[in-house]
> 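This structure is in structure tokens; I'll ask about it shortly.
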There are 2 protein chains.
Amino acid sequence: MACARTSLRDVARRAGVSPSTVSNVLNGRLDRMRADTSERVLRAMRELGYTPNQVARQLRTGQVSTIGLIVPSVANPFWGLVARGVEQVALERDYHVLLCNSERDPAREAQFAEILLNSGMRGLIFGSSSLSLDHLAKAGARGLRVVTFDRSLADAGPFVAGSVEIDNVLGARLAVSHLLGLGHRRIGLLSGPIRTISRRKRLAGYRQALADAGVQPSADLVWEGPGLTTYGDAEGAELGRIGAHHLLSVPARARPTALLTINDMYAIGACAGARDLGLRVPQDISVIGFDDLPVFAEVVTPPLTTVRQPVREMMRTATAQLLARLEGETDGSAPEHAVVTPKLVIRSSTSRPSMPNDDRAGARGADQPDP
Amino acid sequence: MACARTSLRDVARRAGVSPSTVSNVLNGRLDRMRADTSERVLRAMRELGYTPNQVARQLRTGQVSTIGLIVPSVANPFWGLVARGVEQVALERDYHVLLCNSERDPAREAQFAEILLNSGMRGLIFGSSSLSLDHLAKAGARGLRVVTFDRSLADAGPFVAGSVEIDNVLGARLAVSHLLGLGHRRIGLLSGPIRTISRRKRLAGYRQALADAGVQPSADLVWEGPGLTTYGDAEGAELGRIGAHHLLSVPARARPTALLTINDMYAIGACAGARDLGLRVPQDISVIGFDDLPVFAEVVTPPLTTVRQPVREMMRTATAQLLARLEGETDGSAPEHAVVTPKLVIRSSTSRPSMPNDDRAGARGADQPDP
DNA sequence: TTGAAAGCGCTAACAT
DNA sequence: ATGTTAGCGCTTTCAA
């Protein structure tokens with residue numbers, strides 16, 4: 001139970017030098033002393049099992065080597081992956097990551113930002129793509145630097161140090177084009193609350209692709225789930241299931257033959273929902289996800305056709321941007337904005353519709369009988 | 001870009017009082033002053049937008065209200081859930097959580113422990129159930145308190161403040177008994193490296209259940225996957241798939257009719273592996289998981305029969321134990337050891353074997369033709 | 001090449 | 001009821 005930490009002074013005493021010399025050793029300024037001096041100090045440190053007190057160092061220097069990461073929901077493996085990506089880069093550069101799970105609550109996000117600041121941290125990676133960044137502005141004014149995710153720099157405050165975004169519009173277009181190419185015409189969109197920038201963009205991409213193909217959009221084919229309860233995004237799959245029930249429990253003639261879901265969790269849920277109704281994926285209904293959750297998307301039944309987000313690379317970039325700013329490497333320069341291009345990964349949850357459902361698609365074959 | 005933090009002295013000056021008075025206000029010792037004094041101080045704080053510097057406070061008090069959480073792999077949603085459980089309780093009590101992703105590397109775990117200590121933290125929740133705790137002993141000797149997971153108190157050092165464990169032996173027995181009850185006799189076990197206490201216990205439970213039923217164990221039916229590569233536990237599903245290939249690519253007579261997997265990720269992978277071989281779950285092969293990952297286990301095809309771990313409750317308990325110890329509420333008392341009872345959740349990935357495969361099971365019906 | 005001294009922002013005896 | 005003072009462990013001028 002002993003807690004008597006050995007301090008820098010103890011080391012100094014033992015090595016017969018002054019505290020400042022020990023400090024110099026600690027900070028690698030070995031050129032300022034004779035070799036045998038630093039050796040003596042090093043030995044004293046070893047003998048005493050000395051490790052510097054970071055808190056004291058932080059107080060003195062005002063620098064903390066921890067960054068914050070706010071994610072909307074740790075329960076969604078996507079954000080677990082994000083956390084890992086961030087942590088990896090951070091660790092390489094001797095930073096640590098304080099994980100903040102906001103459950104998409106702006107009040108909590110603002111509070112986290114204050115806490116980070118008060119704990120000496122200077123940087124934050126903000127995983128939510130909440131419509132506005134206003135709730136972080138106060139912390140921003142106090143010096144917090146933030147790198148955003150899935151958000152353009154257009155509305156960025158001066159505190160935004162960078163941004164990483166996937167082209168969500170393109171991603172959705174890719175997905176819908178694929179479905180159109182297979183012959184689908186009644187294509188649904190299944191989502192939770194469309195209250196984030198990324199979701200809005202995916203919706204926009206969905207609409208654009210439809211419009212470009214001259215397909216009449218129908219509000220009945222878009223299902224926007226309700227806000228979250230206590231379980232956050234893990235409910236994605238549950239909402240997907242519920243949404244599928246809504247969208248698919250209609251007469252076959254009006255039923256969509258394909259569904260684009262807002263992410264893979266929803267896609268998995270949607271597949272379950274379709275099965276609940278006796279519909280087979282992809283024979284009776286095609287489902288396409290978004291994210292390409294490693295392993296899951298591949299291993300689920302059927303393996304998911306989905307739009308890949310290269311999470312690792314994205315978070316690598318985001319973290320690098322933040323650390324660069326914190327260490328002044330990019331001082332004064334405009335914030336970077338990295339846009340990555342999504343890629344469609346075709347697996348087995350999509351196929352041609354069993355019955356062409358559009359006047360213009362009469363020529364296509366019907367592989368499967370209508371159930 | 002301004003960063004001139006207002007300090008306690010500024011507030012004191014503005015309120016026309018001494019720093020100690022401000023400190024007293026900050027720490028709720030309002031009884032030590034007249035009401036109007038505290039009011040003046042409070043107003044000054046508000047006007048200045050003052051927020052206390054936690055780093056300074058930490059240096060002075062030696063108390064940091066952050067705890068560490070070491071998990072083997074953030075990429076497995078199970079650990080995301082754990083993180084959330086811990087964070088929830090921590091937040092309620094004004095603590096924060098520093099997430100440390102060890103990828104099961106003991107060196108990294110030891111390093112994390114040192115870092116926590118050097119950053120003033122005093123407590124750690126240790127999610128790995130690595131065979132030994134030795135690598136944490138040094139940090140323990142320096143005052144770090146740790147609450148362990150899936151580990152009895154038997155080998156616990158004096159630094160262990162508590163422990164939460166699910167009865168893993170029972171969990172595996174429950175699973176195997178269920179399979180035996182359905183008429184299975186060739187029951188396989190599918191796992192990654194059995195190098196953790198929890199996995200060893202599940203293996204033991206599997207063996208016990210078999211032995212109790214008088215079923216001859218066979219080493220050929222236990223598949224222990226290789227160590228991890230870069231992707232950590234997310235590979236669970238991949239390993240599960242590979243393992244299923246190994247265990248099931250044998251003549252039908254020797255093939256297991258049921259598989260217990262070490263966790264749900266493996267189960268999902270095993271289902272995929274079975275399908276790769278043209279085997280249907282559960283008609284041709286029953287699969288049973290462990291964890292009952294919320295949503296996933298339910299939404300996957302087929303919905304997983306699995307052993308439930310009540311993660312939320314377990315982490316709630318673990319966190320409470322740790323905070324109690326850190327705040328001296330339980331000083332001197334023996335560490336608590338909470339053992340929770342697993343529960344079998346029967347869904348659709350298990351059924352009676354299509355062909356009884358044991359002399360003693362001749363009476364059972366064969367629902368399905370042999371493929 | 002090394003040391004002395006001041007101080008980061010806060011807290012807690014100990015005065016008054 | 002309030003103020004004075006002396007640090008927590010470190011870094012950093014500045015001086016020797």
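Remember, predicted model here, so these are calculated numbers, not experimental data. Every heavy atom of this structure was used, including side-chain atoms; hydrogens, water molecules and symmetry mates were not. Letters A, B, ... are given to chains in the order of the sequence lines, protein chains preceding strands, and every chain is numbered from 1.
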> Compare all side-chain heavy atoms of A:Leu26 with those of A:Leu8 and state whether any distance is below 4.5 angstrom.
yes
> Contact class for A:Gly16 (heavy atom, under 4.0 Å): base, sugar-phosphate, or nothing?
sugar-phosphate
> How close do A:Leu153 and A:His337 get, counting heavy atoms only, and between which atoms?
CD2-CB, 3.3 Å
> A:Leu91 and A:His96: side chain to side chain contact (heavy atoms under 4.5 Å, CB included), yes or no, with the steps?
CA-CA 6 Å; A:Leu91 246 39; A:His96 291 93; 3.7 Å; yes
> Please lay out, stage by stage, how B:Arg312 and B:Arg316 fare under the test side chain to side chain contact (heavy atoms under 4.5 Å, CB included).
CA-CA 6 Å; B:Arg312 265 172 111 76; B:Arg316 181 162 282 279; 5.9 Å; no
> Provide, to the nearest angstrom, the distance between the CD atom belonging to B:Glu39 and the C1' atom belonging to D:dT2.
17 Å
> Classify every nucleotide of nucleotides 7-16 of chain D by which part a protein heavy atom approaches to under 4.0 Å, writing B for the base, S for the sugar-phosphate alone and - for neither, in 5'-to-3' order.
BBBBBB----
> Using a 4.0 Å heavy-atom cut-off, does B:Val55 contact any base of the nucleic acid, only the sugar-phosphate backbone, or nothing at all?
nothing
> Output, in order, the C-alpha distance, side-chain angles, deciding distance and verdict of side chain to side chain donor-acceptor pair (under 3.5 Å) for A:Arg32 and A:Asn27.
CA-CA 11 Å; A:Arg32 294 201 195 165; A:Asn27 292 284; over 6 Å; no
> Categorize B:Asp31 for me: base, sugar-phosphate, or nothing, with a 4.0 angstrom heavy-atom threshold over every strand shown.
sugar-phosphate
> Can you see which heavy atom on A:Phe78 is nearest to which on A:Val311, and at what distance?
CE1-CG2, 3.5 Å
